[in-house]
Number of protein chains: 2
Amino acid sequence: MAELSSASGVPVATIKFYLRERLLPAGERTGPNQARYGEEHLRRLRLIRGLLEVGGLSVATARGVLDAVDSELPLTQSFGVAQRAVSATMDPADIDPQALARIDRLLAGWRVSGDNPGRLAAAYVLQTFDSVGQRDERDWFSRYAAAALLVAEADLDQVEARGSREDMAETVVIGTVLGDALFSGLRRAAQEHVSSLRYPVSPEPGRIPTLE
Amino acid sequence: MAELSSASGVPVATIKFYLRERLLPAGERTGPNQARYGEEHLRRLRLIRGLLEVGGLSVATARGVLDAVDSELPLTQSFGVAQRAVSATMDPADIDPQALARIDRLLAGWRVSGDNPGRLAAAYVLQTFDSVGQRDERDWFSRYAAAALLVAEADLDQVEARGSREDMAETVVIGTVLGDALFSGLRRAAQEHVSSLRYPVSPEPGRIPTLE
DNA sequence: CAATATGGACAGTAGAACTATCCGATAGTT
DNA sequence: AACTATCGGATAGTTCTACTGTCCATATTG
């Protein structure tokens, strides 16, 4: 266990915590108080850290996601589980039906089920957007939708490139969770790029001030 | 204050908490123990809830973002502040230089400063992606980058459509925070759409099982 | 004038993610 | 065989965050 800890950089106490929380399967026992951990434990541990740190999942949510990876669910359902895990479960009741209708108009032609968590989340964002007095200018929403479609095609391709069902399921989960983080990172970089093209930099480069 | 509470749906105790935390400016005093809150307080309160609920920001981070909106920062800096707020501040030290180099290759031709938080975050995602044994198949990364560029153009257009500097600053912040949530929602919807096109539904529609 | 409401200060709470301590058993050293 | 170090497991803290509840002096209202 100490070995696993030093190989991964995760404190022993934390590994014990993950074992207790059933995120990490127990090691192969070699005696009543000895266990061996292998390469797969290290990989799993890195996956856990990735889900928690990069994906920002809670321990409980990560457990659900990992269970889905380990289970024998058909692939289409893996997507559903992963999506539900990363989206805050929201009551359709407190979403403005009008916002939902706008999302549906935006997604016209898409085959999306009524309880797709992404659709509900998007509607909730629209509603919030309105309530703080913002307006959709120059097709902001629909350009987002178009970009989302591109990304979703890439996601499916990435999953299909894997061989076995388990690999695909793992890729679905990782892609769903890390994909969000990757995209928002790239988006911020792209914002700076586009911004610097449109507003050529002032002579003095100057550091962007940090928060606070 | 009770009025503000019922209009916004936020409990009075929570409003007091936000006042204490300097998220919400104090109301106009009409007496030693009476204050009036107006439309702008309601809007601000909704913005706060949006940042916390939809954007998932912490109270401390939201304060930083709101301070940026209120300040007289030039617009280009507002982007920086908003970006830094929504990205977990990460030490460039614990990012694999190799992952950074790959991101830079991916972003070839982009004008992005070295300390752009999105660039660092994306590199960190790449590193995690590798460490859990995933590979970039069929240009997954570069297709993400292309989509991010599209979205960033839309973001800039949305901001430019606003009139005053304050409106623009607010739009930057809202767009940065809510844009992430909007995109990931749309991405999930698009995933289901693309998936159902590629793998036509089985005769029995069947609900996707919920987590747990 | 009495009942209720108000805003502010401050203490308390619940949940999440660790972290520290203890313990009995065993592995390695001498 | 004796001794020390380490192991895995159980349990009890600890820290942080976002609220929530209570109290109180003052106002407003019927």
Side-chain angles (χ1 to χ4, degrees), chain A residues 1-38 41-42 44-66 85-86 88-89 177 211-212, chain B residues 1-38 41-42 44-66 85-86 88-89 177 211-212:
Chain A
M1 194 185 267
E3 193 184 345
L4 186 61
S5 167
S6 64
S8 63
V10 177
V12 174
T14 305
I15 293 177
K16 288 183 182 181
F17 172 66
Y18 291 157
L19 286 169
R20 215 166 38 247
E21 293 288 326
R22 299 194 352 255
L23 293 184
L24 198 61
E28 178 199 348
R29 306 298 295 276
T30 66
N33 66 341
Q34 220 72 9
R36 193 188 322 280
Y37 299 93
H41 287 91
L42 185 54
R44 169 58 73 101
L45 189 50
R46 283 203 267 248
L47 176 55
I48 292 168
R49 296 301 299 188
L51 294 180
L52 299 189
E53 266 179 46
V54 181
L57 302 194
S58 70
V59 167
T61 307
R63 181 169 47 237
V65 168
L66 292 170
V86 296
T89 24
V177 175
L211 192 58
E212 249 125 338
Chain B
M1 192 186 267
E3 193 185 344
L4 186 60
S5 167
S6 64
S8 64
V10 177
V12 173
T14 305
I15 294 177
K16 288 182 181 181
F17 170 67
Y18 292 155
L19 286 168
R20 217 169 34 248
E21 293 288 326
R22 299 192 354 253
L23 294 184
L24 197 61
E28 178 200 346
R29 305 297 295 276
T30 65
N33 68 341
Q34 219 72 8
R36 193 189 320 281
Y37 299 93
H41 287 89
L42 185 55
R44 170 57 74 101
L45 189 50
R46 283 204 266 248
L47 176 55
I48 293 168
R49 297 301 300 190
L51 294 179
L52 299 189
E53 266 179 45
V54 181
L57 302 194
S58 71
V59 167
T61 307
R63 181 169 47 238
V65 168
L66 292 171
V86 297
T89 23
V177 175
L211 191 58
E212 247 123 337

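Order of the sequence lines fixes the chain letters, A, B, ..., with proteins taken first and strands second; residue numbering starts at 1 for each chain.
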Using a 4.0 Å heavy-atom cut-off, write out nucleotides 15-30 of chain D from 5' to 3' as B (base contacted by protein), S (sugar-phosphate only) or - (no contact).
-> ---SBB-----BS---

Results of side-chain contact (heavy atoms from CB on, under 4.5 Å) for [X] - residues two or more places apart only:
{"X": "Pro11(B)", "answer": "Thr14(B)"}
{"X": "Ser58(B)", "answer": "Ala60(B), Thr61(B)"}
{"X": "Val86(B)", "answer": "Arg188(A), Leu57(B), Thr176(B), Val177(B)"}
{"X": "Thr30(A)", "answer": "Gln34(A), Arg36(A)"}

Rounded distance (Å) that lies between atom P of dT6(D) and atom CG of Leu4(A) = 18 Å

Round to the nearest Å and state the distance from Met1(A) atom CE to dA5(D) atom C1'.
->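 Computing the Met1(A):CE to dA5(D):C1' distance gives 17 Å.
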
When we call it a touch if two heavy atoms are under 4.0 Å apart, what does Arg29(B) touch: a base, just sugar-phosphate, or nothing?
-> sugar-phosphate

Between Ile48(B) and Val10(B), is any pair of side-chain heavy atoms under 4.5 Å apart?
->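 SC-SC contact between Ile48(B) and Val10(B) ruled out.
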
Walk along DNA chain C from 5' to 3' and tell me the first and last nucleotide with an atom closer than 4.0 Å to a non-hydrogen atom of chain A.
->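 For DNA chain C, the relevant span reads dA17(C) to dT26(C).
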
Applying a 3.5 Å limit to both distances, which nucleotide forms a Watson-Crick or G-U wobble pair with dT19(C)?
-> dA12(D)

Taking only residues two or more places apart in sequence, or in another chain, which ones meet Phe17(A) in a ring pair (Phe, Tyr, Trp, His ring centres under 6.0 Å)?
->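 Not a single residue meets the ring pair (Phe, Tyr, Trp, His ring centres under 6.0 Å) criterion with Phe17(A).
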
Residues which pass side chain to side chain donor-acceptor pair (under 3.5 Å) with Arg49(A), listed by chain and number, not counting sequence neighbours = Tyr18(A), Glu53(A)

According to the salt bridge (Lys or Arg N to Asp or Glu O under 4.0 Å) rule, which pairs have a member within residues 15-25 of chain A, sequence neighbours left out?
->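 Passing the test, one end in residues 15-25 of chain A: Glu21(A)-Arg63(A), Arg22(A)-Asp67(A).
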
